[in-house]
Amino acid sequence: MNYIDLHSDTITMLRYPKEDLQNNRRMVKISALQQGGAMIQCFSDFVPTGHYPKPLREISWKTFQRIADKKDALLALHADCLMPVLDTEDIVLCRDIGKIGVIFTSEDLGVIGSDLKKIDRVYRRGVRIASLTWNHENDLGFPNSKKAWVMQKGLKPFGLQAVRRMNELGIVVDVSHLSDGGFWDVIHYSKKPVAATHSNCRALAGHPRNLTDEMIKALADKGGVMGLNFAPAFLSERGDGRSLIQDMVRHAHHIRNVGGSDVLAIGTDFDGIRGKLEIADPSGMTRLFDALKKSGFPESDIENMFYRNVLRVLKENW
């Protein structure tokens, strides 16, 4: 079974000079991707802009560029088994030649500041999926929060301009870190299907990054997808730091019951999560497939979740 993972932080987290995508201390390695059946792995450029004081936020743009350079170097180093995916033709090509596709994503488009032209530069660096915020307010909008007054706030005028330009270029808008108000603005203003790359169900685990049933329905109606996040706090409220396959299956059933099988996807958040993980790296993805099948999921729905739905969203954006 092949799969597409919409979110991991591995490339950003490779901080030691001799680390690459095969020899590292992280969750994602090429051998594990191959063992698990990865078709496409999304690697995020994670730069939390809000950590920088406003006078120093130009640093976040330079950090984005540095991580993009690292991505290019790693793809060149591993060109025998990895291939950048920039358009629909690349998806077909990487499957034909037996390589794992790599999609570069941005976690917090706040790196562009208030300069709309930088979205084009982000696109030229290979980004094809981007979240508008991380967990801080930026020039585009407001983040998820436990504070109701923050969650009610939507996109700023510059954020609406950014969504329009992303649609024009072919960058999938990622709503996973947005406030609820920002989510609804994206649903209303985006002309193309969007993604919640690594979010689960708020009805089952009350994390503010998870989606309500109303949001899941709206995302499905928009033709979008939501990637199942493997983080313990997104899967349950036990508070024991365990990420269990049974909880993943429970969320997948809930998503399908609320929004249908076409909204299902996977967004592990590998190398951005901690805890006691039953699926601790990509090699364990077959365990999720087997558990879903055993729970009564038709194989066609599992295929939708594992790769078909994401392929559709990418093609409709590109």
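Not measured: the values here are computed from a predicted model.
Annotation: side chain of Lys156 is in contact with side chain of Phe142 (closest heavy-atom distance under 4.5 Å). Within the 4.5 Å cutoff, the side chain of Arg128 has heavy atoms near those of the Tyr123 side chain. Proximity of Ile279 to Phe270: side-chain heavy atoms (C-beta onward) are separated by under 4.5 Å at one or more points. Val111 has its side chain out of reach of Lys118: every pair of non-hydrogen atoms, C-beta onward, lies at least 4.5 Å apart. Between Tyr189 and Val173, the closest side-chain pair of non-hydrogen atoms is not below 4.5 Å. Contact annotation: the side chain of Lys153 never approaches that of Glu137 to less than 4.5 Å [non-hydrogen atoms, C-beta and beyond]. Two residues are said to be in side-chain contact when any heavy atoms from C-beta on lie closer than 4.5 Å; Val249 and His253 meet this criterion. For the pair Leu288/Met248, a side-chain contact is recorded, criterion being any heavy-atom separation below 4.5 Å from C-beta on.
With hydrogens and angles disregarded, a donor-acceptor distance shorter than 3.5 Å links the side chain of Ser176 to the backbone of Thr197. Using modelled atom types, one side-chain atom of Asn200 and one backbone atom of Phe234 make a donor-acceptor pair closer than 3.5 Å. When atom types are taken as modelled, the side chain of Thr12 and the backbone of Ser44 share a donor-acceptor pair closer than 3.5 angstrom. A donor-acceptor distance shorter than 3.5 angstrom exists from the side chain of Lys29 to the backbone of Asn24, with no hydrogens or angles considered. Formation of a donor-acceptor pair under 3.5 Å by the Arg256 side chain with backbone atoms of Asp262 is not found in this model. A donor-acceptor pair is defined here as one N or O able to donate and one able to accept, closer than 3.5 Å; such a pair exists between the side chain of Ser131 and the backbone of Asp108. A donor-acceptor pair is defined here as one N or O able to donate and one able to accept, closer than 3.5 Å; such a pair exists between the side chain of Lys70 and the backbone of Leu14. Listed for the Glu278 side chain is a donor-acceptor partner under 3.5 Å among the backbone atoms of Ile245. At distances below 3.5 Å, at least one donor-acceptor pair connects side-chain atoms of Ser243 with backbone N or O atoms of Phe230. Remark: side-chain polar atoms of Asp90 are not paired, donor with acceptor, to backbone N or O of Val85 under 3.5 angstrom.
By the rule that hydrophobic residues join a cluster once side-chain heavy atoms approach within less than 4.5 Å of another member, Phe64 and Met13 end up as members of separate clusters. Leu86 and Leu169 are assigned to two separate hydrophobic clusters, defined by single-linkage of ILVMFWY side chains at heavy-atom distances under 4.5 Å. The cluster map of Ile, Leu, Val, Met, Phe, Trp and Tyr, joined by side-chain heavy atoms under 4.5 Å apart, puts Leu21 and Met83 in different clusters. No single ILVMFWY cluster, assembled from side-chain heavy atoms under 4.5 Å apart, contains both Leu244 and Ile255. Phe104 and Trp134 fall into different hydrophobic clusters, where Ile, Leu, Val, Met, Phe, Trp and Tyr side chains are chained together by heavy-atom contacts under 4.5 Å.
Taking all atoms of both residues into account, the shortest heavy-atom contact from Cys81 to Gln34 is CB-NE2, 3.9 Å. In terms of heavy-atom proximity, Ile67 sits nearest to Phe46 at CD1-O, 4.1 Å. The two atoms that bring Asn210 and Ser199 nearest to each other are OD1-C, 3.9 Å, heavy atoms only. Taking both residues in full, the closest heavy atoms of Asp185 and Gly154 are given as OD2-CA, 3.3 Å, listed atom of the first, atom of the second, then distance. When every heavy atom of Ala203 is checked against every heavy atom of Asp213, the shortest pair comes out as CB-OD1, 3.8 Å. Among all heavy-atom pairs drawn from Leu292 and Ala252, the shortest one is CD2-CB, 3.8 Å.
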Walk me through whether Met1 and Glu303 qualify under side chain to side chain contact (heavy atoms under 4.5 Å, CB included). CA-CA 8 Å; Met1 169 58 65; Glu303 290 176 351; 3.6 Å; yes
Checking side chain to side chain contact (heavy atoms under 4.5 Å, CB included) for the pair Leu116/Ile119: CA distance, chi angles, key distance, verdict? CA-CA 6 Å; Leu116 193 65; Ile119 296 181; 3.7 Å; yes
Step-by-step side chain to side chain contact (heavy atoms under 4.5 Å, CB included) determination, Ile30 to Asp20: CA-CA 10 Å; Ile30 292 170; Asp20 57 41; over 6 Å; no
When you look at Ile40 and Ile91, which way does the side chain to side chain contact (heavy atoms under 4.5 Å, CB included) test go after all the steps? CA-CA 8 Å; Ile40 295 174; Ile91 295 172; 4.3 Å; yes
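Here Leu93 contributes atom CG and Arg95 contributes atom CZ; the two are 12.0 Å apart, rounded to the nearest 0.5 Å. The distance from the CD1 atom of Ile266 to the CG atom of Leu6 is 8.5 Å, given to the nearest 0.5 Å. For the atom pair Asp180 CG and Trp184 CH2, the distance stands at 8.5 Å (nearest 0.5 Å). Here the straight-line distance linking atom CG of Leu82 with atom CD of Gln41 works out to 10.0 Å at 0.5 Å rounding. For the atom pair CH2 of Trp61 and CD1 of Ile112, the computed distance is 8.0 Å after rounding to the nearest 0.5 Å. Remark: Ile129 CD1 to Ile171 CD1 distance equals 10.5 Å, nearest 0.5 Å.
Under 4.0 Å is where a charged nitrogen must lie from a carboxylate oxygen, and between Arg26 and Glu19 at least one such pair does. Look at Asp69 and Arg125 and you find a salt bridge, because one of the NZ, NE, NH1 or NH2 atoms lies within 4.0 Å of a carboxylate O, short of that distance. A salt bridge is defined here as a Lys NZ or Arg NE, NH1 or NH2 lying under 4.0 Å from an Asp or Glu carboxylate O, and Lys192 with Glu316 fails to meet this definition. Salt bridge present: Arg250 and Asp247 bring a charged side-chain N and a carboxylate O closer than 4.0 Å. With salt bridges taken as basic N to acidic carboxylate O contacts below 4.0 Å, none links Glu214 and Lys217.
Residue Arg238 qualifies as enclosed at atom CZ: its count of foreign heavy atoms under 6.0 Å is above 12.
Between Phe289 and Phe306, the ring-plane angle classifies as perpendicular under the 30° and 60° cut-offs. Using bins of under 30°, 30° to 60° and over 60° for the plane-to-plane angle, the ring pair His198/His7 lands in the parallel bin.
Between His78 and Gln22, the side chains place no donor N or O within less than 3.5 Å of an acceptor N or O (distance only, hydrogens not considered). Checking Asp139 against Ser114 by side-chain atom types alone, no donor-acceptor pair falls below 3.5 Å.
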